Amino acid sequence: MNAIKLLPDVLINQIAAGEVIERPASVLKEILENSIDAGATEITVHIKQGGLKLIRVADNGKGISENDLALALARHATSKISTQEDLHKIASLGFRGEALASIGAVSRLSLVSYQSDSSHAWHIQTEGGQTTHPEPAARSIGTTLEVRDLFFNLPARRKFLKTEATEFAHCEEVFRRIALSHANIALSLQHNGKTRSHLSAAETTQRITAVLGEEFSQTAVPVSEQAADISLQGMVALPTYSRSARDMQYFFVNGRH
C-alpha cells in the first residue's frame, strides 16, 4: 500500500479554506469583492451572530448563468483570467477562483443568480463541499449568496473565533474598507436585523464624510498628485485633528486595501 496518497477533493477544499477563510470577515470580503467585480451598483449585507450564523450578500450585478453556477463553486475556475499574460494586467479584485469553493467547504452555502438574458433565476447550494444541481428560482437581476453555519464541520476552527461582538466588528471593518474604496456603490449593512449602515452612491469626499464623520472632513485637506502613470488622491487630516489610535488610516492601491 502506498504511503503517499492523493487527498480527496473535500479535504483539499477544507485545507484551502484554512488559507483563505480565517473568520467571518474573510468570507464577507471575498463575497463583496465578487459583487464589485460583477459590476454591482447596489449591495446589501445581512449578518447574524457576528457572521457565524449567517452572512447574506445580495447585489444587482450581471449575475451568473445556469451553466456557470457549478463552476462558480469549483476550485481553480474563474472568468477573470485565462492566460499567463492576464496575470500581468489584472483589473479585478478577485481572480484565483478559490474563494467560493473554500467557503463552501466549511459552511452551508446557497447561491441564487439571475442574468438578464435568462428566463428566470437559478439556485445551487453546497454543504461541506457537496454541491447540488441547479434548480429554477425567483430573483431580480443579480446574485444573492448566503453562507450559514461557518465552520460547522470544523469545530476546532470554530472554537478559536472570538465573541459575536468582536467578529462583527471585523465584518464591519471590511464593510467600511469597501465603502471607502468604492464610493460609487450603494451599500447597506444589517446585523441581527438592525441596520448599522446605509450608504448611498456618492462622490469620494461625501463617502469619506459618511464613513469617517463630519469632524474628520472638517479638519482634512484634499490630496491630488500625479507622476507618470501613477496618481494619488485622498484626504489627510491636519495636525490639529489628533487621535490616539490609527483606526482611521486607510490606504488603497487600485481599489485594494
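Residue indices begin at 1 and follow the sequence shown. Predicted model only: the values in this text are computed from it and were never measured. Values below: all heavy atoms of this structure, side chains included; hydrogens, waters and symmetry mates excluded.
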- Indicate if L145 and L69 have the same hydrophobic cluster label, given that clusters are the connected sets of ILVMFWY residues with side-chain heavy-atom separations under 4.5 angstrom.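 The answer is yes; both residues are in one hydrophobic cluster.
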- Any side-chain donor near an acceptor of the partner, H123 and S110, under 3.5 Å: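 Result is yes, a qualifying pair exists.
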- Message: Is there a continuous path of hydrophobic side-chain contacts, each under 4.5 Å between heavy atoms, that joins M248 to L180?
- Response: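 In one cluster: yes.
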Going by atom type alone, with no hydrogens or angles, which donor-acceptor pairs under 3.5 Å involve a side-chain atom of residues 50-65 and a protein atom two or more places apart or on another chain?
from: R56; atom 1: NE; to: E146; atom 2: OE1; distance (Å): 2.7
from: R56; atom 1: NH2; to: E146; atom 2: OE1; distance (Å): 3.1
from: D59; atom 1: OD1; to: G61; atom 2: N; distance (Å): 2.8
from: D59; atom 1: OD1; to: T143; atom 2: N; distance (Å): 3.1
from: D59; atom 1: OD2; to: S35; atom 2: OG; distance (Å): 2.7
from: N60; atom 1: OD1; to: T41; atom 2: N; distance (Å): 2.8
from: N60; atom 1: OD1; to: E42; atom 2: N; distance (Å): 3.0
from: N60; atom 1: ND2; to: T41; atom 2: OG1; distance (Å): 2.8
from: S65; atom 1: OG; to: D68; atom 2: N; distance (Å): 3.3
from: S65; atom 1: OG; to: D68; atom 2: OD2; distance (Å): 3.4

Would you mind writing out the side-chain donor-acceptor pairs for residues 220-233 within the sub-3.5 Å range, not counting sequence neighbours?
none

- Query: For the atom pair CZ (R108) and CD1 (I103), what is the distance rounded to the nearest 0.5 Å?
  - Reply: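 The CZ atom of R108 sits 16.0 Å away from the CD1 atom of I103.
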- Item | Heavy-atom side-chain contact between F168 and Q49 under 4.5 Å |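 Result no, sub-4.5 Å side-chain heavy-atom pair not found.
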- Query: Is it true that the side chains of E127 and N153 contain a donor and an acceptor less than 3.5 Å apart?
  - Reply: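 No, no side-chain donor-acceptor contact under 3.5 Å.
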- First locate atom CD of Q218, then atom CG of L238, and finally report the distance between them rounded to the nearest 0.5 Å.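 Here the rounded value is 12.0 Å.
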- Item | Heavy-atom side-chain proximity of T132 to T126 below 4.5 angstrom |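 Not in contact.
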- Message: A side-chain contact here means heavy atoms from C-beta on lying under 4.5 Å apart; do N192 and E164 qualify?
- Response: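 In contact.
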- Kindly check if the number of other-residue, nucleotide or ligand heavy atoms within 6.0 Å of NE2 (H120) is above 12?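 Above 12, so yes.
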- Should Y241 and F216 count as side-chain neighbours, where that means a heavy-atom distance under 4.5 Å?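 When only atoms from C-beta onward are counted, F216 and Y241 do touch, with a gap below 4.5 Å.
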- Side-chain touch T131/Q125, heavy atoms, less than 4.5 angstrom: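 Of all side-chain heavy-atom pairs linking Q125 with T131, none is under 4.5 Å.
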- Taking atom CZ of F175 and atom CG of L189, what is their separation to the nearest 0.5 Å?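 One gets 5.0 Å once the value is rounded to the nearest 0.5 Å.
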- Using a distance-only test with no angle check, is there a side-chain donor-acceptor pair under 3.5 angstrom linking T144 and R139?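 A donor-acceptor contact under 3.5 Å links the two side chains.
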- Message: Is there a side-chain contact between D117 and Q115 in this structure, where contact means two heavy atoms from C-beta onward sitting under 4.5 Å apart?
- Response: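 Counting from C-beta outward, D117 and Q115 do come under 4.5 Å.
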- Do you know which two heavy atoms are closest between P155 and F152, and how far apart they sit?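 Answer, listing the atom of P155 first, then F152: CD-O, 4.4 Å.
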- Message: Taking salt bridge (Lys or Arg N to Asp or Glu O under 4.0 Å) as the criterion, tell me which of R23, K48, K162 meets it with E167.
- Response: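 That would be R23; it is the only one of R23, K48, K162 passing the salt bridge (Lys or Arg N to Asp or Glu O under 4.0 Å) with E167.
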- Task: Carefully, step by step, assess H133 and I124 under the rule side-chain contact (heavy atoms from CB on, under 4.5 Å).
- Result: CA-CA 6 Å; H133 294 291; I124 195 171; over 6 Å; no
- Task: Taking the side chain as every heavy atom from C-beta outward, state whether T44 and H46 have any atom pair closer than 4.5 Å.
- Result: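 Yes, close enough: below the 4.5 Å cut-off.
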- Query: How long is the gap from SG on C171 to CD1 on I47, to the nearest 0.5 Å?
  - Reply: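 Rounded to the nearest 0.5 Å, the SG-CD1 separation comes out at 4.0 Å.
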- Item | Side-chain donor/acceptor of R158 to backbone N/O of L150, under 3.5 Å |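 A pair under 3.5 Å: yes.
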- Side-chain donor or acceptor of R207 paired with backbone N/O of I185 under 3.5 Å: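 Yes: the side chain of R207 pairs with the backbone of I185.
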- Item | Heavy-atom side-chain contact between R176 and Y250 under 4.5 Å |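 The answer is yes; the side chains approach within 4.5 Å.
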- Query: Do other residues, nucleotides or ligands put more than 12 heavy atoms under 6.0 Å from R243 CZ?
  - Reply: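 Counting neighbours around CZ of R243, more than 12 heavy atoms of other residues, nucleotides or ligands fall under 6.0 Å, so yes.
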- Item | Distance-minimising heavy-atom pair for A72 and L111 |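 Closest heavy-atom pair between A72 and L111: CB-CD2, 4.4 Å.
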- Item | Stepwise side-chain contact (heavy atoms from CB on, under 4.5 Å) check, F151 with K159 | CA-CA 9 Å; F151 299 135; K159 74 177 184 180; over 6 Å; no
- Query: Does T163 use its side chain to pair, donor to acceptor, with the backbone of T166 at less than 3.5 Å?
  - Reply: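 Pair found, side chain donor or acceptor close to backbone of T166.
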Taking distance alone, no hydrogens or angles, what donor-acceptor pairs closer than 3.5 Å link side-chain atoms of residues 195-205 to residues at least two apart or in another chain?
none

- Query: side-chain contact (heavy atoms from CB on, under 4.5 Å) between V112 and W122: does it pass, once the steps are laid out?
  - Reply: CA-CA 6 Å; V112 181; W122 290 91; over 6 Å; no
- Taking the side chain from T209 and the backbone from G213, do they hold a donor-acceptor pair closer than 3.5 Å?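 Checked: no pair found.
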- Task: Could you check I43 against I36 for side-chain contact (heavy atoms from CB on, under 4.5 Å), going step by step and ending with a plain yes or no?
- Result: CA-CA 9 Å; I43 304 175; I36 293 169; 4.2 Å; yes
- Query: Hey, what do you get for OG (S107) to CG (L154), rounding to the nearest 0.5 Å?
  - Reply: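 Between S107 OG and L154 CG, I get 10.5 Å after rounding to 0.5 Å.
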- Item | Value rounded to 0.5 Å, distance of CD1 in I21 from CZ in R157 |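 Answer rounded to 0.5 Å: 8.5 Å.
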- Hphob cluster co-occupancy, V236 + V211, side-chain heavy atoms under 4.5 angstrom: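 No, separate clusters.
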- Query: Do other residues, nucleotides or ligands put more than 12 heavy atoms under 6.0 Å from the CG atom of L6?
  - Reply: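 Open.
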- Can you tell me if S26 uses its side chain to pair, donor with acceptor, with the backbone of E22 under 3.5 Å?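 Indeed, once roles are kept as given, a pair shorter than 3.5 Å links the two residues.
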